[in-house]
Amino acid sequence: MRFHNWWSAPKVWAQVQATDPVASHASWMENFPWTRLAGVALPEGAKPPIDSAAMVQRPAAEIRAMLGDGNFAGRYQRPDDEMLAIWRVAVEETRTLIESGWGNA
């Protein structure tokens with residue numbers, strides 16, 4: 001069995017960083033056209049990074065309260081053309097891994 005984190009694979013991560021280096025959980029990097037909820041308005045601007053040290057060993061309820069909307073850092077949405085460029089790299093990189101037999105992994 002092989003497990004592949006497509007979003008953190010080398011080529012995808014390079015594309016993410018080239019698009020916007022402030023990308024995190026529940027930020028723009030998880031906001032593809034097909035994952036959006038209709039009728040939901042997203043905040044403008046970017047959320048500052050969370051204080052991850054302050055979350056260490058806190059109960060889940062406190063962590064949820066600290067996170068608020070769940071975004072760890074960054075903008076909430078980027079233009080569709082940028083998101084589709086990342087998706088194309090993801091598909092190509094994953095396809096290459098599958099077709100090559102996963103190399104030495």
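- Qualifying side-chain contact (heavy atoms from CB on, under 4.5 Å) partners for H25, counting only residues two or more places apart in sequence or in other chains: E30, F72.
- Members clustered with M1: none, using a 4.5 Å side-chain heavy-atom cutoff among hydrophobic residues.
- Side-chain contact between I86 and M29: absent, with no pair of heavy atoms (C-beta onward) separated by less than 4.5 Å.
- Between L97 and S100, the closest heavy-atom pair is O-OG, 3.3 Å.
- Not counting sequence neighbours, the partners of E62 by the salt bridge (charged side-chain N to carboxylate O under 4.0 Å, His left out) test are R58.
- Qualifying salt bridge (charged side-chain N to carboxylate O under 4.0 Å, His left out) partners for R88, counting only residues two or more places apart in sequence or in other chains: none.
- You'll find the ring centres of F32 and W87 inside the 6.0 Å limit.
- Scanning both residues, V16 and A23, for their nearest heavy atoms gives CG1-CB, 3.6 Å.
- F3 and W6 end up in different hydrophobic clusters when Ile, Leu, Val, Met, Phe, Trp and Tyr side chains are linked at under 4.5 Å.
- I63 contributes atom CD1, which lies 10.0 Å from atom CD of Q57 (distance to the nearest 0.5 angstrom).
- The two residues A26 and G70 make their nearest non-hydrogen contact at CB-O, 3.3 Å.
- Listed by chain and residue number, nothing satisfies the side chain to side chain donor-acceptor pair (under 3.5 Å) test with D51 (two or more places apart in sequence, or in another chain).
- No continuous path of hydrophobic side-chain contacts links W28 to L42 [ILVMFWY only; heavy atoms under 4.5 Å].
- For the side chain to side chain donor-acceptor pair (under 3.5 Å) test, no residue two or more places apart in sequence or in another chain qualifies with T19.
- Applying the salt bridge (charged side-chain N to carboxylate O under 4.0 Å, His left out) criterion to R75, with sequence neighbours excluded, gives no partner residue.
- Residues in residues 89-100 take part in no salt bridge (Lys or Arg N to Asp or Glu O under 4.0 Å) pair, two or more places apart or across chains.
- Taking every heavy atom of both residues into account, S27 and N71 meet most closely at CB-OD1, 3.6 Å.
- Remark: the R36 side chain and the N31 side chain contain an N/O donor-acceptor pair separated by less than 3.5 Å.
- Applying the ring pair (Phe, Tyr, Trp, His ring centres under 6.0 Å) rule to W13 yields no partners; only residues at least two apart in sequence or on another chain are considered.
- Residues satisfying the side chain to side chain donor-acceptor pair (under 3.5 Å) test with Q17, not counting sequence neighbours, are none.
- Shown here are the salt bridge (charged side-chain N to carboxylate O under 4.0 Å, His left out) partners of D69, two or more places apart in sequence or in another chain: K47.
- With sequence neighbours excluded, no residue forms a side chain to side chain donor-acceptor pair (under 3.5 Å) with S24.
- Among all heavy-atom pairs drawn from A90 and V12, the shortest one is CA-CG2, 3.3 Å.
- Under the 4.5 Å side-chain heavy-atom criterion for ILVMFWY residues, a single connected hydrophobic cluster contains both W7 and W34.
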